[in-house]
Colleague: 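Let me begin by handing over the structure; questions about it come next.
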Amino acid sequence: MAGTSAPVEVEPDLDQAHLDQPGDEHTGPEHSGDGAAPAAHEGEERVPPRGFLVGMAATLVIAIAALVVGGLSWTDLRAEQTAQSRDEQVLETARQVVVNLVTLRHQSVDEDIQRVADGTTGPFRDQFTSASGSFGDVLNQGQVESTGEVKEAGLVDADDDHAVVLAAVTSTVKNTEAPDGEIRVYRMKVSLDSVDGNWLVSDVEFVA
């Protein structure tokens, strides 16, 4: 009896069958189960890190402090420049008035006396102008020619209203008794007051 062989049933490939099942879709990389976090939404606001905010605050504080210090330095510099300019004006005025006091000539007595009066103020000016007639007589009678100069001058004290200057002064005095001239030396303490923005001499003292 001839043998018969039973047909062999071949099982379909389970893997392929699983892949080909209806309703299954191939999952792309975005749906893979690799644990990747979903992408951020486009409209989501990003919050700056705390360290960035602290750094910005520190920068602002430093910038403000620099502006304040710079402003103070500029103010101090301006005040120093203003005081220096004031002191220069005080010394210049003191020098000029002192030179005028010891530069008197009989040939120009009226102009010389007026020049002194123009640089003075207060009681000192009143005393000087009231005695100007006597000065003129003395200068004319003695044929006096006095020419002076300031050798040194230094500021003793000064503020915006009042100042004091010490001056070392020499003058050459010629008259009928000393036609060749005599050299005289003085030390003067000069007080000045600010009057309507101008420095004027308010007192002169001869000191040892």
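Computed over heavy atoms, backbone and side chain alike; hydrogens, waters and symmetry mates excluded. What you are looking at is a predicted structure, and each value in this text was computed from that prediction instead of being measured. If you read the sequence from its start, that first residue is 1, and numbering goes on from there.
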Colleague: Kindly compute the distance separating CG (D112) from CG (L101), expressed to the nearest 0.5 Å.
Modeller: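 If I round to the nearest 0.5 Å, the distance is 11.0 Å.
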
Colleague: Indicate the atoms forming the closest heavy-atom contact of V165 with A153, along with that distance.
Modeller: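 It is CG1-CB, 4.3 Å.
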
Colleague: How close do W199 and D159 get, heavy atom to heavy atom, and via which atoms?
Modeller: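 Minimum heavy-atom contact is CH2-O, 3.4 Å.
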
Colleague: Please name the pair of heavy atoms, one in G119 and one in V97, separated by the smallest distance, quoted to 0.1 Å.
Modeller: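 Smallest interatomic distance, heavy atoms only, reads O-CG2, 3.6 Å.
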
Colleague: Test side chain to side chain contact (heavy atoms under 4.5 Å, CB included) on T170 and E149; report intermediate values, then the result.
Modeller: CA-CA 6 Å; T170 62; E149 63 177 334; 3.5 Å; yes

Colleague: Do Q96 and N100 meet the criterion of a side-chain donor-acceptor pair at a distance under 3.5 Å?
Modeller: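 Judged by distance alone, the side chains do pair up.
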
Colleague: Return the OG to NZ distance between S146 and K174, rounded to the nearest 0.5 Å.
Modeller: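 So the OG of S146 and the NZ of K174 are separated by 11.0 Å.
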
Colleague: Would you find more than 12 non-hydrogen atoms of other residues, nucleotides or ligands less than 6.0 Å from E177 atom CD?
Modeller: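 Counting other residues, nucleotides and ligands, CD of E177 stays at 12 neighbours or fewer.
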
Colleague: Considering all heavy atoms of both residues, which atom of V150 and which atom of V99 are nearest to each other, and what is their separation?
Modeller: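 Closest approach of V150 to V99, heavy atoms only: CG2-CG2, 3.7 Å.
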
Colleague: May I ask you to test the M188-V207 pair for a side-chain heavy-atom distance under 4.5 Å?
Modeller: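 Not touching, per the 4.5 Å side-chain cut-off.
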
Colleague: Is there side-chain contact between T103 and R105, with at least one heavy-atom pair below 4.5 Å?
Modeller: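 Sidechains of R105 and T103: in contact.
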
Colleague: Nearest 0.5 angstrom please: D161 CG to D193 CG, how far?
Modeller: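 It comes to 8.0 Å.
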
Colleague: Could you tell me the separation between the OG1 atom of T120 and the CG atom of L200, rounded to the nearest 0.5 Å?
Modeller: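 Between atom OG1 of T120 and atom CG of L200 there are 7.5 Å.
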
Colleague: For atom CD of Q143, decide whether the heavy atoms of other residues, nucleotides or ligands shown that lie under 6.0 angstrom number more than 12.
Modeller: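 For Q143, atom CD is crowded (more than 12 foreign heavy atoms under 6.0 Å).
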
Colleague: Do you know which two heavy atoms are closest between A94 and V190, and how far apart they sit?
Modeller: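 Result for this residue pair: CB-CG1, 4.3 Å.
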
Colleague: Roughly how far apart are H106 NE2 and E145 CD, rounded to 0.5 Å?
Modeller: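 One gets 4.5 Å once the value is rounded to the nearest 0.5 Å.
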
Colleague: Treating H162 as the side-chain partner and S191 as the backbone partner, does any N or O pair qualify as donor plus acceptor under 3.5 Å?
Modeller: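 Checking the backbone N and O of S191 against the side chain of H162, no donor-acceptor pair under 3.5 Å is found.
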
Colleague: Let me confirm one number: the CD-CZ distance from E152 to R95, rounded to the nearest 0.5 Å.
Modeller: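 Answer rounded to 0.5 Å: 8.5 Å.
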
Colleague: With salt bridge (charged side-chain N to carboxylate O under 4.0 Å, His left out) as the test, would you mind laying out the steps for E88 and R86 before giving the verdict?
Modeller: CA-CA 5 Å; E88 290 174 354; R86 177 201 65 203; over 6 Å; no

Colleague: If you group Ile, Leu, Val, Met, Phe, Trp and Tyr by side-chain heavy-atom gaps below 4.5 Å, do L104 and F206 land in one group?
Modeller: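 Yes; tracing contacts between hydrophobic side chains, which count when under 4.5 Å, links both residues.
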
Colleague: Have Q114 and D118 got a donor and an acceptor in their side chains that come within less than 3.5 Å?
Modeller: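 Checked: Q114/D118 side chains pair up, N/O donor to acceptor below 3.5 Å.
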
Colleague: Verify side chain to side chain contact (heavy atoms under 4.5 Å, CB included) between K189 and V164, making sure each step is shown before the conclusion.
Modeller: CA-CA 7 Å; K189 179 182 177 182; V164 177; 3.8 Å; yes

Colleague: Please tabulate, for the side chains in residues 121-130, all donor-acceptor contacts under 3.5 angstrom to protein atoms that are two or more places apart in sequence or on a different chain.
Modeller:
residue, atom, partner, partner atom, Å
R125, NE, A117, O, 3.1
T129, OG1, R125, O, 2.9
T129, OG1, D126, O, 3.1
S130, OG, D126, O, 3.1
S130, OG, Q127, O, 2.8

Colleague: Which heavy-atom pair separates I113 from F135 by the least distance, and what is that distance?
Modeller: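 That would be CD1-CB, 4.0 Å.
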
